[in-house]
Amino acid sequence: MSDEKKDFIREIIAADIASGKHTAPITRFPPEPNGYLHIGHAKAIGVNFGLARQYADLGARCHLRFDDTNPVKEDEEYVESIKKDIAWLGYEWGDHLYFASDYFEYFYECAVALIDKGLAYVDTQTSDLLKEQRGNVKVPGTLSPHRERSLVENLELFKKMREGGFPDGGAVLRAKIDMASGNMNMRDPVLYRVVHARHHHTGDAWCIYPMYDFAHPLEDAKEHITHSLCSLEFENHRPLYDWVVDNCPVPSKPRQIEFARLNIGFTVMSKRKFIQLVEEKHVGGWDDPRMSTLSGMRRRGYPPEAIRAFVEHVGLTKQNSLSDFALLEFEVRSYLNKIALRKMAVLDPVKVVVTNYPEGESEIVTVPNNPENEADGSRELVFSREFWIEREDFMVDAPKKFFRLKPGGAVRLRGAYIIQHTGHVLDDQGEVSEIHCEFIPNTIGQSAPEGVQCRTAIHWVSCAEGVDAEVRLYDRLFTEEIPDNAEGGYLGCLNPDSLQVITPAKVEPGLAAMAPGERCQFERMGYFCADSEDHTFEKPVFNRIVTLRDSWGAKD
RNA sequence: AGACCCAUGGUGUAAUCGGUAACACAGCUGAUUUUGAUUCAGUCAUUCAAGGUUCAAGUCCUUGUGGGUCUGCCA
């Protein structure tokens, strides 16, 4: 990987190294274990772990830290899935795996230190009252009647909070900053709240939990993080972040830097919607191939290399942006095109009979596994009198620009002969049930003879040799109906408001020419992959990369 | 009485001390092609606006305009 791209964050880091402020950047990826990782997280992962990789020779590193300060939302299942997805993406945290919950005692000490300095107080008013006193963006807040409690009383009450002397919501610890600040985050923010809930990591050891704004800067400082990278919506939190670092006993002073999060058009990327889709069973689970979770993309066969390249391509700025999904697809195709082994498959079969090919005879044709890479070798297929082709590869009333098989026309069978249509049979419904052709001898590896027009090659599967394979068609889920003028043939649509699946993405059985016993997953928009038990892929396999956007046949 | 942030082609990003708009995706044209893919060639911007400083402004200053974030005991 070349990490030569530069951006405003890399410039800051380069300057910090040049000035001697830091010898190497130490970053962190701090997910809350309350859901699966999605493509949006890939950006933060790529940035943080990428930076550590770039400066590895200087001693840089990236910590994986679970920001588990809210027991009611978090679960062990998620920490496992998150670890797995990061590793799959190709990054490693080594020994640097941390849990914010391991610092609970430290947070508590810091809180006591703040109280000692007269910078924090226990407020026992209701949350409604606190909200009322906070004012709004135009109106300054009013002081809490508990703001001037004595040091001793605060210490006592805070201790009582820890010991379970208050019910949920009964008391909070607040920072004493500025109730008139234009920044709402500075209006005496809550530092600790009472939550009597079992924590997935610390069990019942605690009944008070620190708020993000208090815990996060302390976590960073404790781990000697140099550059704490987060998304733009935390910009207004930075003054509070700095306040905490400045007023607590910290071993180091991290710096928070914000960057724009990843947005992709028509793509579901909110945890809330993912949870709803899973719970209401619109999908099979967090790793359903239709989902834009990392585990879903893994099952669809998106290579991690492509996701990393996509993240790199999108770049790092402070501008709110909306990327095209086409950019991700481009990276997927571009990577897959180099390494994927081609197979031929027919999903909606129509039988073809080569009338001038002797019955009972057959021959072997050799087909390259990957035209882009000779080292991938070739495979042998049996060609004989009867085989299947895709129904849509033959048209009775073909438009002028249809290059595949049509009455009187010719087409190349991929890796084999050019065949010429001589006739076809219609069933009771008027559907084509069988096509009759004649093959043109000496056209394997040879161009079409004079007078024969052959513009393309189609897939075919020998009736005798082909195997049935479990084939599933998937479409991505979209946040809304794709406008007609958008390119491609989109199927699965999702209404953003009702979260109702308007057109359920297809999941259909089919027929594929795979090696006996091999399973495959056919992904409608382009390629299909061997879908192993744990949904990981050794080597992706695909046939029509052409059709990533279903352009095959979409043109007239 | 609001605070903070952002502003370059359809999209995402570039542009050293201010020096005359670059790359990729998508689109469109054409060529090649045993995947309508790939590959190759061509094509697509008066840098939000108005002033100002300057020999020179996407870059600096001013004022507007547009967009984003913030009023959880979520992160």
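So that the names make sense, note that chain A is the first sequence line, chain B the second, and so on, each numbered from 1.
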Problem set entry | Side-chain (A:H41) to main-chain (A:P31) donor-acceptor, under 3.5 angstrom | no
Exercise. Hey, is the side chain of A:R333 poking within less than 4.0 Å of OP1 or OP2 on B:A26, counting only N and O atoms?
Worked result: yes
Problem set entry | Pairwise P distance for B:U47 and B:A26, with rounding to whole Å | 26 Å
For this session: Indicate, with a heavy-atom threshold strictly under 4.0 Å, whether A:V190 touches base, sugar-phosphate, or nothing.
Result: sugar-phosphate
Exercise. How would you label the contact of A:P33 with the nucleic acid (heavy atoms, under 4.0 Å): base, sugar-phosphate, or nothing?
Worked result: nothing
Exercise. Just by distance, do the side chain of A:H196 and the backbone of A:F166 share a donor-acceptor pair under 3.5 Å?
Worked result: yes
Problem set entry | is_close_aromatic(A:Y192, A:F214), centroid dist under 6.0 Å | yes
For this session: Please measure how far the C1' atom in B:U20 lies from the corresponding atom in B:G58, and state the result in whole Å.
Result: 11 Å
Exercise. To the nearest angstrom, how far is A:H216 atom NE2 from B:C74 atom C1'?
Worked result: 14 Å
Exercise. Would you call the rings of A:W206 and A:Y108 parallel, tilted or perpendicular, where under 30° means parallel and over 60° means perpendicular?
Worked result: tilted
Exercise. For B:G72, does the O4'-C1'-N9-C4 (purine) or O4'-C1'-N1-C2 (pyrimidine) torsion place it in syn, i.e. within 90° of 0, or in anti?
Worked result: syn
Exercise. Can you check the A:E219 CD to B:A75 P distance for me, whole Å?
Worked result: 10 Å
Problem set entry | Separation of B:C74 P from A:H199 NE2 (nearest whole Å) | 14 Å
Exercise. Parallel, tilted or perpendicular: which fits the ring planes of A:H237 and A:F234, with parallel below 30° and perpendicular above 60°?
Worked result: perpendicular
Exercise. What integer distance in Å separates A:I264:CD1 from B:U11:C1'?
Worked result: 12 Å
Exercise. Of all the choices, B:C5, B:G12, B:A75, which nucleotide is nearest to the side chain of A:R193 once you look at every atom?
Worked result: B:A75
For this session: Write down the distance between CD1 (A:I82) and C1' (B:A75), rounded to a whole number of angstrom.
Result: 12 Å
Exercise. Rounding to a whole Å, what distance do you find between A:K318:NZ and B:U8:P?
Worked result: 15 Å
Exercise. How many Å lie between OH on A:Y241 and P on B:A75, as a whole number?
Worked result: 16 Å
Exercise. With a 4.0 Å cut-off on heavy atoms, is A:G182 in touch with a base, just the backbone sugar-phosphate, or nothing at all?
Worked result: base
Problem set entry | Spacing of the P atoms in B:U13 and B:C6 (rounded, Å) | 14 Å
For this session: Could you say whether A:P31 or A:E11 is positioned toward the 5' end of RNA chain B, judged by the nucleotide with the nearest heavy atom to each?
Result: A:E11
For this session: Name the orientation class of the two ring planes belonging to A:F383 and A:W460 (parallel below 30°, tilted from 30 to 60°, perpendicular beyond 60°).
Result: perpendicular
Exercise. For the residue pair A:H313 and A:F330, does the interplanar ring angle fall in the parallel (under 30°), tilted (30 to 60°) or perpendicular (over 60°) class?
Worked result: perpendicular
Exercise. Is the shortest side-chain N/O distance from A:S323 to OP1 or OP2 of B:U11 below 4.0 Å?
Worked result: no
Exercise. Is the centre of the A:F8 ring less than 6.0 Å from the centre of the A:F259 ring?
Worked result: no
Problem set entry | For RNA chain B, the residues among residues 120-134 of chain A that have a non-hydrogen atom under 4.0 Å from it | A:Q125, A:T126, A:S127, A:L130, A:K131, A:R134
Exercise. Which residues pass the salt bridge (Lys or Arg N to Asp or Glu O under 4.0 Å) test with A:R238, sequence neighbours left out?
Worked result: A:E258
Seminar exercise, completed: Within residues 231-239 of chain A, those residues having any heavy atom closer than 4.0 Å to RNA chain B are A:E233, A:F234, A:E235, A:N236, A:H237
Exercise. Expressed as a whole number of Å, how far does the C1' atom of B:A14 sit from that of B:A50?
Worked result: 27 Å
Exercise. If you measure only the distance, is there a donor-acceptor pair under 3.5 Å linking the side chains of A:D376 and A:N370?
Worked result: yes
Exercise. Given that A:G315 and A:D213 both sit by RNA chain B, which one's nearest nucleotide is further toward the 5' end?
Worked result: A:G315
For this session: Go through A:D123 and A:H146 one step at a time and tell me if the side chain to side chain donor-acceptor pair (under 3.5 Å) criterion holds.
Result: CA-CA 6 Å; A:D123 202 322; A:H146 301 157; 3.0 Å; yes
Problem set entry | C1'-based separation of B:U43 from B:C25 [nearest Å] | 16 Å
For this session: Select base, sugar-phosphate, or nothing to describe what A:K138 touches, counting heavy atoms under 4.0 Å on all strands.
Result: base
Exercise. Base, sugar-phosphate, or nothing: which does A:T69 touch, judged by heavy atoms less than 4.0 Å apart?
Worked result: sugar-phosphate
For this session: Could you work out which one of B:A26, B:C25, B:A14 sits closest to the side chain of A:D7?
Result: B:A14
Exercise. Roughly how far apart, to the nearest Å, are B:G19 and B:A75 at atom C1'?
Worked result: 47 Å
Exercise. Quick one: which of A:R28, A:E219, A:E223 gives a side-chain hydrogen bond (donor to acceptor under 3.5 Å, both in side chains) with A:H63?
Worked result: A:E223
For this session: Please answer whether the main-chain N or O of A:L327 pairs with a side-chain N or O of A:D324 as donor and acceptor at a distance below 3.5 Å.
Result: no
Seminar exercise, completed: Any stem touching RNA chain B, meaning at least three consecutive Watson-Crick or G-U pairs under 3.5 Å, ordered by first number, would be B:2-7 with B:65-70, B:10-13 with B:22-25, B:27-31 with B:39-43, B:48-52 with B:60-64
For this session: Mind checking A:N70 for me? I need base, sugar-phosphate or nothing, with any heavy atom below 4.0 Å counting as a touch.
Result: sugar-phosphate
Exercise. Which part of the nucleic acid, if any, lies within contact of A:D67, taking any heavy atom under 4.0 Å across all strands shown: a base, the sugar-phosphate backbone alone, or nothing?
Worked result: sugar-phosphate
Seminar exercise, completed: Given the options A:E279, A:K273, A:R272, A:Q276 meets side-chain hydrogen bond (donor to acceptor under 3.5 Å, both in side chains) only with A:R272
For this session: Could you list by number each residue of residues 169-180 of chain A showing a heavy-atom separation from RNA chain B of less than 4.0 Å, or answer none if no residue does?
Result: A:G169, A:V172
Problem set entry | Nucleotide nearest A:P140 when distance is taken to its side chain, options B:C74, B:A1, B:C25 | B:A1
For this session: Considering only atom P, compute the distance from B:C5 to B:G42 and round it to an integer number of Å.
Result: 44 Å
Problem set entry | Inter-nucleotide P distance (B:C60, B:G2), Å rounded | 28 Å
For this session: Test A:H459 against A:D393 for side chain to side chain donor-acceptor pair (under 3.5 Å), laying out the working first.
Result: CA-CA 9 Å; A:H459 282 231; A:D393 285 347; over 6 Å; no
For this session: Pick base, sugar-phosphate or nothing for A:Q446, based on heavy-atom distances below 4.0 Å to the nucleic acid.
Result: base
Using residues 438-449 of chain A as the side-chain source, report each donor-acceptor pair under 3.5 Å to any protein atom, sequence neighbours left out, with the distance given to one decimal.
from	atom 1	to	atom 2	distance (Å)
A:T443	OG1	A:I418	N	3.1
A:T443	OG1	A:I440	O	2.6

Exercise. Are A:H201 and A:F66 close enough that their ring centres sit under 6.0 Å apart?
Worked result: no
Problem set entry | Residue A:E32, side-chain heavy atoms: nucleotide from B:G12, B:C74, B:C25 that is nearest | B:C74
Problem set entry | Distance, rounded to the nearest Å, where A:R187 contributes CZ and B:C4 contributes P | 14 Å
For this session: Describe the nucleic acid contact of A:M211 in one word from base, sugar-phosphate, nothing, applying a heavy-atom distance below 4.0 Å.
Result: sugar-phosphate
